[in-house]
Amino acid sequence: MTGEPGIDLQDKGAVRDRLLQRGWRQGSVLPTDAELVTAVQMMPLATVRPDGEGHRIIVVSQDCDAVQGDCELEPGIEVVVATPLSQVVKKHQHLRDPRALHLELRGTGSERYPVAITPWAKGVVARPTLLAYRPNPELRLRDVDIQDIADFLARRYDRDALPEEFERRFVIGMDKLKTLFRANPDVILQIYLKVTPSEELAPFQPDADDEDQPRYEATVVVLVTDTLLDNKAEMAAFRDSKIPDLKRALRKGCPGVDVEDVILYGSDSLSVKRARDLRRVDLASERSIIAGRRADQAEATEARAARRADGPDGPLAEGRDQGERRPTAA
């Protein structure tokens, strides 16, 4: 293995320190150095090349793995190649699509660079190679976007499966559950389903006699914060205002599914035995949308504060009055 001259690759501490010093972490964008780009080894059957025009290479290894100092135990750092877009498409944002993710790289100012990522765009770069480089200083990702990339790639291996026929019958129900979460993201931790039978049933026939068709039974479990659970008045208000309408909507809108109950649990009151029978409702997209909206709001607040500080009456005005020039973009 080769790396930066002067670094002993057998010295795990020195390798780790140098990677930390260089600033490598999950979400770092590789510089467009030709030698570095050609050092990226793409996965078999990869659908993109790292040296394509406008392609950006992003570190996807977790922070602790990205700066691991053992080049034998962890010889490579995982990356994904993002391809340029003219604009992001909503249906591919915020984990809505399991096969494509659209997001924006940030520039040093207000620049935005739309890119696309797919599961077949992963690669690896030898750990020693990055010792001689720093991340691209002109491109960055917000923490919420880094989390989206990690979740997007991980979802192919970490999704609770439900029978496809149940999912077809429960389309409206799933939308109702996700709507409930979107309206209460600070008190709902997760939503689960217990579905029986667990195997596929024959397709439901809307025109056939309902009683003669095999049906699914479903119980909804809503996991709420202990803070809500411990506040009896707020818990009662939440239950009385949300659950009866939800039950009616689920029972009315999901033909071929008998919704038995909607149960509220706190994080400490759901037993391991009961949890084994439950399947998570995929709320990744909803979490991403909420996190992105909050990040946008925080950026807008910071921008307004910066404009006020830089205004005629702001704390930066005195320097300009004395003839100091404002910095301009390079």
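Keep in mind the model is a prediction, meaning the values are calculated, not measured.
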Review point. Is there a path from Y265 to F181 through hydrophobic residues (I, L, V, M, F, W, Y) whose side chains come within less than 4.5 Å of each other?
Key: no
Point to revise | Spacing of CG belonging to D277 relative to OG belonging to S198, to within rounding of 0.5 Å | key: 10.0 Å
Practice item. Any chance you could measure I117, atom CD1, to K122, atom NZ, to the nearest 0.5 Å? Key: 11.5 Å
Check your understanding: Taking a hydrophobic cluster as the set of Ile, Leu, Val, Met, Phe, Trp and Tyr residues connected by side-chain heavy atoms closer than 4.5 Å, whether directly or through intermediates, do L228 and L223 fall within one such cluster?
Key -> no
Check your understanding: Does any N or O in the side chain of S241 come within less than 3.5 Å of the main-chain N or O of A237, such that one atom is a donor and the other an acceptor?
Key -> yes
Practice item. Return each pair, listed once, that meets side chain to side chain donor-acceptor pair (under 3.5 Å) where at least one residue sits in residues 39-57; pairs must be two or more places apart or across chains. Key: R49-D51
Exercise for review: Could you tell me which residues satisfy side chain to side chain donor-acceptor pair (under 3.5 Å) with S288, sequence neighbours excluded, listed by chain and number?
Suggested key: H94, D148
Check your understanding: Linking I/L/V/M/F/W/Y whenever their side-chain heavy atoms sit closer than 4.5 Å, directly or via other members, would L139 and L141 fall into one cluster?
Key -> yes
Review point. Side chains of Q205 and Q213: closer than 4.5 Å at any heavy-atom pair?
Key: yes
Review point. Taking only residues at least two apart or on different chains, which pairs with a member in residues 218-246 satisfy salt bridge (charged side-chain N to carboxylate O under 4.0 Å, His left out)?
Key: D245-R248
Practice item. Please confirm whether the backbone N or O of V187 pairs with a side-chain atom of N184, one donor and one acceptor, at under 3.5 Å? Key: no
Review point. Does F152 have any ring-ring contact (aromatic ring centres under 6.0 Å, His included) partners at least two apart in sequence or in another chain, and if so, which?
Key: none
**Study point:** Note, I77 side chain near L130 side chain (heavy atom, < 4.5 Å)
**Key:** yes
Review point. Is a side-chain N or O of R294 found less than 3.5 angstrom from the main chain of I289, in a donor-acceptor match?
Key: no
Check your understanding: Would you say L36 and I57 are hydrophobically clustered, going by side-chain heavy atoms of ILVMFWY under 4.5 Å?
Key -> yes
Review point. How far apart are the C-alpha atoms of D160 and R280, what are their side-chain angles, what is the distance that settles it, and do they pass the salt bridge (Lys or Arg N to Asp or Glu O under 4.0 Å) test?
Key: CA-CA 6 Å; D160 284 358; R280 288 176 299 171; 3.4 Å; yes
Point to revise | Check ion pair D145-R142 (N to O, under 4.0 angstrom) | key: yes
Revision key, fill the gap. Contacts satisfying salt bridge (charged side-chain N to carboxylate O under 4.0 Å, His left out) that involve residues 77-91 (not counting sequence neighbours) are none
Revision key, fill the gap. Between the CG atom in D175 and the CG atom in L250, the distance rounded to the nearest 0.5 Å is 10.5 Å
Point to revise | Lys/Arg-Asp/Glu bridge criterion (N-O < 4.0 Å) met for D143, R25 | key: yes
Exercise for review: Return the set of residues passing side chain to side chain donor-acceptor pair (under 3.5 Å) with T301 (not counting sequence neighbours), or none when no residue passes.
Suggested key: R304
Check your understanding: Taking atom types as modelled and ignoring hydrogens, do the side chains of Q21 and D17 form a donor-acceptor contact shorter than 3.5 angstrom?
Key -> no
Point to revise | Connected-component partners of L45 among ILVMFWY, side-chain separation under 4.5 Å | key: M43, W120
Check your understanding: Sequence neighbours excluded, which residues qualify as side chain to side chain donor-acceptor pair (under 3.5 Å) partners of D282?
Key -> R155
Review point. Got L193 and L278 here, is their nearest side-chain heavy-atom distance under 4.5 Å?
Key: no
Review point. Which residues pass the ring-ring contact (aromatic ring centres under 6.0 Å, His included) test with Y216, sequence neighbours left out?
Key: F166
Check your understanding: Is there a side-chain contact between L131 and L9 (heavy atoms, below 4.5 Å)?
Key -> yes
Taking distance alone, no hydrogens or angles, what donor-acceptor pairs closer than 3.5 Å link side-chain atoms of residues 103-110 to residues at least two apart or in another chain?
from, atom 1, to, atom 2, distance (Å)
R106, NH2, E299, OE1, 3.4

Practice item. Evaluate side chain to side chain contact (heavy atoms under 4.5 Å, CB included) for V48 paired with M42, printing each intermediate quantity in order. Key: CA-CA 8 Å; V48 299; M42 298 301 293; 4.1 Å; yes
Review point. Apart from L85 itself, what residues make up its hydrophobic cluster, given side-chain heavy atom links below 4.5 Å?
Key: none
**Study point:** Within-4.5 Å side-chain heavy-atom neighbours: V124 and V40
**Key:** no
Exercise for review: Drop me the distance from D8's CG to C71's SG, to the nearest 0.5 angstrom.
Suggested key: 9.5 Å
Review point. Quick one: SG on C64 to CD on E74, what's the gap to the nearest 0.5 Å?
Key: 8.5 Å
Review point. Between D261 and K247, is there a salt bridge with N-O shorter than 4.0 Å?
Key: yes
Exercise for review: Using the ring-ring contact (aromatic ring centres under 6.0 Å, His included) rule, collect all pairs that involve residues 99-119, keeping only residues at least two apart or in two chains.
Suggested key: H92-H102
